[in-house]
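Here the structure is laid out as structure tokens; the discussion comes afterwards.
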Amino acid sequence: SVTLTVAQAAALETAALKVSAPTGKTVTISDTAASIETLTTSQIAGLKAVGVTAITATGASVTLTVAQAAALEAAAITLAVPTGDIAVIVDKAASIAGLTSAQIASLTTLHVTQIQASDANVTLSVAQAQALETAKVSLLVPTGDKAIVVDTAVDLEKFTAAQIASLASTLHVSAVDASDANLALM
């Protein structure tokens with residue numbers, strides 16, 4: 001296997017050079033969380049061309065933006081953090097609300113366990129809330145702001161009792177709103 005730093009991988013990308021590892025071996029980046037956090041989305045997209053398939057953080061938790069996480073997922077690059085540390089997404093509420101349920105489900109390959117809004121209320125659909133619960137990713141909003149699930153009554157009625165209980169405890173949801181009709185939970 002070949003292990004690179006972020007700086008080495010960026011230099012290889014700039015020079016348009018690919019690293020080839022023997023069959024069964026990998027090309028990975030192992031670097032500090034601070035260095036990993038500096039990767040731009042275009043740099044992340046280019047890592048695949050260099051041959052990188054995984055990134056390992058050393059010494060601390062990793063904070064990503066929604067765009068960085070999406071770029072890692074699109075490039076099929078996994079992320080690992082040290083035992084006891086976490087991978088967290090911190091971004092604007094609008095960026096978080098833009099995550100698809102498929103993107104949320106893929107966050108497990110990045111070991112993301114938490115998403116934090118940095119600026120405002122977060123509005124989720126039923127599919128997004130269910131995906132966060134399934135992926136075991138918690139949601140935090142700034143003090144004074146709210147996490148809200150807004151969807152059609154038909155979709156809201158799909159929540160199970162266990163999912164409803166998890167809305168408050170895991171996702172910190174403070175309201176559920178039907179966007180189109182009266183809600184009838186039975």
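Throughout, numbering of the chain's residues begins at 1 and tracks the sequence.
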Ignoring hydrogens and angles, tell me if any N or O in the side chain of D151 forms a donor-acceptor pair with the backbone of V126 under 3.5 Å.
yes

When you compare the side chain of E73 with that of L107, does any pair of heavy atoms fall below 4.5 Å?
yes

Can I get a per-line list of side-chain donor-acceptor pairs under 3.5 Å for residues 3-10, giving both atom names and the distance, sequence neighbours left out?
| unit_1 | atom_1 | unit_2 | atom_2 | d |
| --- | --- | --- | --- | --- |
| T5 | OG1 | A7 | N | 3.4 |
| T5 | OG1 | Q8 | N | 3.1 |
| T5 | OG1 | Q8 | OE1 | 3.4 |
| Q8 | OE1 | T5 | N | 2.8 |

Same cluster or not: V150 versus L156, using hydrophobic residues (I, L, V, M, F, W, Y) connected whenever any side-chain heavy atoms lie under 4.5 Å apart?
no

Can you sort out the partners of T170 under side chain to side chain donor-acceptor pair (under 3.5 Å), two or more places apart, ordered by chain and number?
S166

Taking all heavy atoms of S42 and all of E13, pick out the closest pair and write down the distance.
O-OE2, 3.4 Å

Which of these, S30, P82, S35, sits in a side-chain contact (heavy atoms from CB on, under 4.5 Å) with T58?
S30

If I take atom NZ from residue K18 and atom CG from residue L12, how far apart are they, to the nearest 0.5 angstrom?
12.0 Å

Looking at CD1 of I36 and OG1 of T56, how far apart are the two atoms once the value is rounded to the nearest 0.5 Å?
7.5 Å

Would you call N121 and V141 a side-chain contact if the rule is heavy atoms closer than 4.5 Å?
no

Contact between V122 and I115 at the side-chain level, heavy atoms closer than 4.5 Å - yes or no?
no

Looking at every heavy atom in both S101 and A127, which two are closest together, and how far apart are they?
CB-O, 3.7 Å

How close do P142 and A120 get, heavy atom to heavy atom, and via which atoms?
CD-O, 3.8 Å

Test item: L110 and I89 side chains (from C-beta on) under 4.5 Å apart, heavy atoms
no

Are the side chains of L47 and L39 in contact, using a 4.5 Å heavy-atom criterion?
yes

Nearest 0.5 Å, what's the NE2-CG distance between H172 and L167?
11.5 Å

On a heavy-atom basis, which atom in Q163 and which in E133 lie closest, and how many Å separate them?
O-OE2, 2.8 Å

Examine distances only and state if a side-chain atom of S118 and a backbone atom of D91 form a donor-acceptor pair shorter than 3.5 Å.
yes

As an exercise, state the distance from CG of L99 to CG of L132, rounded to the nearest 0.5 Å.
8.0 Å

How far does OG1 of T63 sit from CD of Q116, to the nearest 0.5 angstrom?
7.5 Å

D119 and A93: which non-hydrogen atoms are nearest, and at how many Å?
OD1-N, 2.8 Å

same_hphob_cluster(L79, V2) at 4.5 Å side-chain heavy-atom cutoff
yes

Going hydrophobic residue to hydrophobic residue with side-chain gaps under 4.5 angstrom, can you get from I96 over to V176?
yes

Point-to-point distance, once rounded to the nearest 0.5 Å, from NZ of K48 to CD1 of I77:
8.0 Å

Other than I86, what residues sit in its cluster of Ile, Leu, Val, Met, Phe, Trp and Tyr side chains whose heavy atoms are under 4.5 Å apart, directly or through others?
V88, V90

Any heavy-atom pair between the side chains of E37 and V62 that's under 4.5 Å?
yes

What are the two closest heavy atoms between A129 and V149, and how far apart are they?
CB-CG2, 4.1 Å

